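A quick write-up on the structure given underneath.
Given the structure is predicted, the values throughout are model-derived calculations rather than measurements. Chain letters run A, B, ... following the sequence lines, proteins first, then strands; residues in each count from 1.
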There are 2 protein chains.
Amino acid sequence: MLQDETLAHNHHCGDCPIRHRAVCARCESTELERLEEIKYYRSFEAGQTVIWSGDKMDFVGSVVSGIATLTQTMEDGRTQMVGLLLPSDFVGRPGREGSAYDVVATTDLVMCCFRKKPFEQMMERTPHIAQRLLEMTLDELDAAREWMLVLGRKTAREKIASLLSIIARRDATLNLQPARGALVFDLPLTREAMADYLGLTLETVSRQISALKRDGVIQLEGKRHVTVPDFSRLMEEAGDDADGGMFA
Amino acid sequence: MLQDETLAHNHHCGDCPIRHRAVCARCESTELERLEEIKYYRSFEAGQTVIWSGDKMDFVGSVVSGIATLTQTMEDGRTQMVGLLLPSDFVGRPGREGSAYDVVATTDLVMCCFRKKPFEQMMERTPHIAQRLLEMTLDELDAAREWMLVLGRKTAREKIASLLSIIARRDATLNLQPARGALVFDLPLTREAMADYLGLTLETVSRQISALKRDGVIQLEGKRHVTVPDFSRLMEEAGDDADGGMFA
DNA sequence: CGTATCTTTGACCAAAGTCAACGGCAGTGG
DNA sequence: CCACTGCCGTTGACTTTGGTCAAAGATACG
């Protein structure tokens, strides 16, 4: 276990892998120093719940590494994922007491946390933080609206293709994949989590993945390792018109 | 037609009906004066498109009166509503060129507009505006996530009940309805628009409204005028656990 | 090995979509 | 004033998609 290392408080923001994308992206070095004073790291194991819906949140923070999900649950147990948190994404809502959602670590997870009160105070005095948070929130809102189209109007097959293309695209930008040819990535989610993401049952997810494989849209190695031989074909299956401009 | 009146440029922000809820809510009088210099009003008739998806937006603004919708459309014509804009809601995204969605006036509509560039400049110098916009954006994000649960996991009947309860609740807060007893309101949307909101067909919307009427959950007068004799019953039908605390 | 978790697949069913006809109402123009 | 037209909404018959229930395969872990 390397948790001791990841938990260490003496990481320097300058070396931080999410330095240029997180809520602190626009901060200058003096601002970073002040953030550094109120920050601390927390690690979570895969499967652990970071925050329960309704609980009081005494911190906010950024995902440094790993993946977490934001989910809502109805009393009868139906659940819908409403957010997928990747490195650099922000957790928590300044100016609000409790969490509206369950936050669960899907993989092992490291978060850079700030106690809520000091962070809120700092936000008031540091426009760079508020500006960046606004920008990130607007991006999230756009993503949520895109997702609403998926949930409301796409077929099961299109939903799966949409999810795969989102994950593939993200992976390509993070890991600087060759911009041409086959995309290769690992699914960070179980079939059940994909179902909760897409408003389907896990059986339907499984069937549609098998169908996409049968039709040559994707190749599978094991349950989780995916190869996409032709990305524009996948986009077509997702019902997304333009080829996204990724491969011109 | 009173359009001349609503179009007049000499409204004072102090008298504005959305003064305390819109993006300008936190501004002080000197800040309001400067906003006043760059604002202008625009009116749209019911059915008119305010902005086309992909178009360049040279303004941002607030809905003053009337209702507008934000919709996304796939090439084959499937459409999903992704936002319902009520008085005080903000339209447009600072720091981005084009609109990602169609904005359509559902009723006659008056908007308070600001040219984008001056507004963006003012935002940088006026933290009160950026703060309020962040707060509003976070609220919208919460609403979008609530909506995702509706789209992904609720049955047709629950979806209709959810929409009715949202409209009823909004109407109650706006028009200070008696906090007890029957709620009465008008549907601001056609069956088709409701279908686009909920990811259903208009036939299913019609059938489920008829069913809720048959079961006594709602009463209808004409096509659009709704009476809800027992709000907690409607909440139950929506699959929303708590009684919302509205009627303690 | 045996147990637990995740996944796949099949048979059947139910909810919502599709296609089509029709009813009501408002506006228009003869 | 009435007939005509267009839009909105309702309802019915039938189809399709995805959900439900059940069994069994794969993989990892102790």
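- Residue A/Thr190 places no side-chain N or O under 4.0 Å from the OP1 or OP2 atom of C/dC6.
- Relative to the side chain of A/Thr204, the nucleotides D/dG9, C/dT7, D/dG18 differ in distance, and D/dG18 lies closest.
- Taking 4.5 Å as the limit, some side-chain heavy atom of B/Val91 sits within range of a side-chain heavy atom of B/Met111.
- Both A/Arg153 and A/Gly222 sit near DNA chain C, but only A/Gly222 has its closest nucleotide nearer the 5' end.
- If you take CG of A/Leu220 and C1' of D/dG25, they are 16 Å apart, rounded to a whole angstrom.
- Defined by atom type and a distance below 3.5 Å, a donor-acceptor pair is missing between the side-chain atoms of B/Asp139 and B/Thr137.
- Of the two residues contacting DNA chain D, namely B/Ser206 and A/Lys154, the nearest-nucleotide position lying further toward the 5' end is that of B/Ser206.
- OP1 or OP2 of C/dT9 lies within a sub-4.0 Å distance of a side-chain N or O belonging to A/Ser210.
- If you check every strand for non-hydrogen atoms under 4.0 Å, B/Arg224 touches sugar and phosphate atoms only.
- Atoms CD1 (A/Ile209) and P (D/dG18) sit 14 Å apart, rounded to a whole Å.
- In the region residues 193-203 of chain B, proximity to DNA chain C at under 4.0 angstrom, judged on heavy atoms, holds for B/Gly199, B/Leu200, B/Thr201, B/Glu203.
- Rounded to an integer number of Å, the gap from CD of A/Glu221 to P of D/dT27 is 11 Å.
- Rounding to whole angstrom units, CZ of residue A/Arg207 and P of D/dA24 are separated by 17 Å.
- Remark: P of C/dG17 and CD of B/Glu192 are 14 Å apart, rounded to the nearest angstrom.
- Checking each of A/Glu146, A/Lys154, A/Glu237 against A/Ser162 for a side chain to side chain donor-acceptor pair (under 3.5 Å) leaves exactly one that passes, namely A/Lys154.
- Rounded to whole angstrom, the span from the CG atom of B/Asp186 across to the P atom of D/dG9 amounts to 13 Å.
- The shortest distance between side-chain heavy atoms of B/Leu212 and B/Arg157 falls below 4.5 Å.
- Atoms OH and CZ, on A/Tyr40 and A/Phe59 in that order, are 6.0 Å from each other to the nearest 0.5 Å.
- An OP1 or OP2 oxygen of C/dT8 is reached within less than 4.0 angstrom by a side-chain nitrogen or oxygen of A/Arg191.
- Toward the 5' end of DNA chain D, the nearer of the two residues A/Lys223 and B/Leu189, judged by each one's closest nucleotide, is B/Leu189.
- A/Arg157 has its CZ atom 12 Å from the P atom of D/dT17, to the nearest Å.
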**OP:** Would you sort out whether A/Ile167 and A/Phe185 count as a side-chain contact (heavy atoms from CB on, under 4.5 Å), showing the intermediate values?
**Re:** CA-CA 8 Å; A/Ile167 296 174; A/Phe185 58 91; 3.7 Å; yes
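- Contact annotation: the side chain of A/Arg153 approaches that of B/Asp196 to within less than 4.5 Å [non-hydrogen atoms, C-beta and beyond].
- Taking atom CZ of A/Arg214 as the reference point, atom C1' of C/dT9 lies 10 Å away to the nearest angstrom.
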